[in-house]
Amino acid sequence: DSGVTQTPKHLITATGQRVTLRCSPRSGDLSVYWYQQSLDQGLQFLIQYYNGEERAKGNILERFSAQQFPDLHSELNLSSLELGDSALYFCASSVELANNEQFFGPGTRLTVL
Amino acid sequence: GQSLEQPSEVTAVEGAIVQINCTYQTSGFYGLSWYQQHDGGAPTFLSYNALDGLEETGRFSSFLSRSDSYGYLLLQELQMKDSASYFCAVNPSGAGSYQLTFGKGTKLSVIP
């Protein structure tokens, strides 16, 4: 158990819908990262927040957005969902701003039908 | 951009030693990390090399050669529970570059 929690564990929805994935980092970690893992694209960085502020953006679609709240939990919002958005979404956290040791949550498996 | 190359699959016998290679091309470089992921599980940090040389952590060792843009993960005394996917990842340098870029992963199968 990494100490990072993610909800829900599984999510099944239809194309065109909007979903919100939630992540609580390890106690004391200020940095939160979101990753998408699919069979064809592998593990891809989406976005990073540090202490409430966006710090880095990766291959995140404009239909996707995220935020980190004052209690440091983070939410990833996915809208106008497409079949290709079906993937595992991981949240990770670390203590520092730039840290190679990231602690991953169990992930949310999103299925878009 | 960044790209990392690692073998897609490796099979090894229980008790043996296996080496998983990773070559990378990056615009900048802060270090090479290795993560393990069991089927259905989350990636778990194994090791990090910022400087050239070998880092040892129990049965696992990781090596980096910055001049060759190459690294490897060495697993000794293989156990069945080591069957998993192993990912190398780089942290590219540059202002604001805090994300990890992962390789496609190497699926290790340990057989009796």
* Asked: Is it true that atom CD of A:E54 has more than 12 heavy atoms of other residues, nucleotides or ligands lying nearer than 6.0 Å?
  -> yes

* Between atom CG of A:L39 and atom NZ of B:K104, what is the distance when rounded to the nearest 0.5 Å? -> 10.5 Å

* Asked: When you look at CZ of A:R26, are more than 12 heavy atoms from neighbouring residues, nucleotides or ligands closer to it than 6.0 Å?
  -> yes

* Provide the full list of side chain to side chain donor-acceptor pair (under 3.5 Å) pairs with a residue in residues 7-25 of chain A, sequence neighbours left out, each pair given once. => A:T20-A:N77, A:R22-A:H73

* Asked: A:L43 versus B:P43: any side-chain heavy-atom pair under 4.5 Å?
  -> yes

* Quick one: are the ring centres of B:Y35 and A:F104 less than 6.0 Å apart? -> yes

* Asked: By a 4.5 Å heavy-atom criterion (distance strictly below it), what part of A:Q37 contacts chain B: side chain, backbone, both, or neither?
  -> side chain

* Asked: Which members of residues 51-58 of chain B, sorted by number, sit under 4.5 angstrom from chain A on a heavy-atom basis?
  -> none

* **Neighbour count above 12 (heavy atom, 6.0 Å) for A:L83 CG** => yes

* Any residue meeting salt bridge (charged side-chain N to carboxylate O under 4.0 Å, His left out) with B:D39, in chain and number order, not counting sequence neighbours -> B:K107

* Residue pairs passing the disulfide bond (SG atoms under 2.5 Å apart) test where at least one lies in residues 17-73 of chain B, sequence neighbours excluded -> B:C22-B:C88

* Just wondering, are more than 12 heavy atoms of other shown residues or ligands nearer than 6.0 Å to CD in B:Q79? -> yes

* Asked: Are A:W34 and A:V95 grouped together when hydrophobic residues (ILVMFWY) are joined by side-chain heavy atoms under 4.5 angstrom apart?
  -> no

* Asked: After noting the C-alpha distance and the side-chain angles of A:Y35 and B:L100, does the key distance pass the side-chain contact (heavy atoms from CB on, under 4.5 Å) rule?
  -> CA-CA 10 Å; A:Y35 292 89; B:L100 288 177; 3.6 Å; yes

* Look up atom CD in A:Q102 and atom CZ in B:F45, then write down how far apart they are to the nearest 0.5 Å. => 10.0 Å

* Asked: In terms of hydrophobic clusters joined by side-chain contacts under 4.5 Å, are A:Y33 and A:L78 together?
  -> no

* Asked: Which pair of non-hydrogen atoms, one from B:A42 and one from A:G105, has the smallest distance, and what is that distance?
  -> CB-O, 3.0 Å

